[in-house]
Amino acid sequence: MNKRILLFLVLSLSIATTTVGAASASPIKTGGNNIISQRSGGSATVQEAFSVPKGWGHVKLCMKNHSDHPVRVSLTHSGSNKTYIENLVIAPHDTVTWKSTDQGFSNGLRSGDYILQWRGSDYKVDGETWGVADSQPGNLSKQSTPI
């Protein structure tokens with residue numbers, strides 16, 4: 001009987017660990033106009049997913065590199081494969097704020113799912129992303145950044 005319980009506990013723990021440790025690229029659901037609030041890490045390449053609601057294409061992302069090595073960040077719209085950020089370098093322990101309005105996307109980004117990819121070359125990524133979307137481009141400046 002004890003062997004069965006032990007086997008059940010080991011199997012349950014291994015399933016739970018696999019599920020929690022797996023890299024997920026499912027869109028993150030957040031409240032209000034927040035579209036992403038995520039700590040990323042664990043491997044040299046990490047992908048995070050989030051969604052931009054229809055009519056809310058004006059986006060502000062704040063990305064912090066917590067590692068001792070530079071990282072490169074890219075942002076791609078999943079449905080069209082359009083790249084909005086390509087190989088943006090973030091220095092060690094630096095924070096970059098990216099606004100769609102500052103990058104020439106005056107009409108905003110497409111609605112839908114996005115993949116934010118962090119790449120640390122030979123080093124593990126340790127980054128954090130916070131972002132908001134709004135229907136009015138002027139409202140992005142009013143949003144404070146928590147990281």
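Quantities reported herein were computed from a predicted structural model and do not represent experimental measurements. Counting begins at 1 with the first residue of the sequence.
For the residue pair Leu109 and Ser100, the shortest heavy atom distance occurs at CD1-CB, 3.1 Å. Between Leu61 and Gly131 the shortest heavy-atom distance is CD2-CA, 3.9 Å. In this structure, Val52 and Gly57 approach most closely via the heavy-atom pair CG1-CA, 3.9 Å.
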Arg110 and Ser80: CA distance, side-chain angles, deciding distance, side chain to side chain contact (heavy atoms under 4.5 Å, CB included) verdict | CA-CA 9 Å; Arg110 297 175 186 208; Ser80 67; 3.0 Å; yes

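Under the 4.5 Å side-chain criterion, counting only non-hydrogen atoms from C-beta, Phe50 is in contact with Leu75. Between Thr129 and Glu48, the closest side-chain pair of non-hydrogen atoms is not below 4.5 Å. Inter-residue side-chain proximity for Asp126 and Arg39 is flagged as met; some heavy-atom pair is nearer than 4.5 Å. No side-chain heavy atom of Glu86 sits less than 4.5 Å from a side-chain heavy atom of Thr76.
Going from atom CD of Glu128 over to atom NZ of Lys64 covers 8.0 Å, rounded to the nearest 0.5 Å. To the nearest 0.5 angstrom, Asp134 atom CG is 4.0 Å from Asn139 atom CG. To the nearest 0.5 Å, atom CG of residue Asn33 and atom CD of residue Gln136 are 12.0 Å apart. Atom NE2 of His66 and atom OG of Ser40 lie 9.5 Å apart (nearest 0.5 Å). Interatomic distance, CG of Asn81 versus CD1 of Ile115, reported as 10.0 Å (0.5 Å rounding). Atom CG of Asp94 is separated from atom CE of Met63 by 10.5 Å, given to the nearest 0.5 angstrom.
Ile35 and Leu88 fall within the same hydrophobic cluster, where Ile, Leu, Val, Met, Phe, Trp and Tyr residues are linked whenever their side-chain heavy atoms come under 4.5 Å apart, directly or through other members. Tyr123 and Val46 fall into different hydrophobic clusters, where Ile, Leu, Val, Met, Phe, Trp and Tyr side chains are chained together by heavy-atom contacts under 4.5 Å.
Ring geometry for His77 versus Tyr114: interplanar angle over 60°, hence perpendicular rather than tilted (30 to 60°). Under the 30°/60° scheme for interplanar angles, the aromatic rings of Phe105 and Trp98 are found to be tilted.
A donor-acceptor pair is defined here as one N or O able to donate and one able to accept, closer than 3.5 Å; no such pair exists between the side chain of Ser74 and the backbone of Gln117. Judged by distance alone, with hydrogens and angles left aside, the side-chain atoms of Ser43 form a donor-acceptor pair with the main-chain N or O of Thr45 at under 3.5 Å. The backbone N or O of Ser67 sits less than 3.5 Å from a side-chain atom of His93, completing a donor-acceptor pair.
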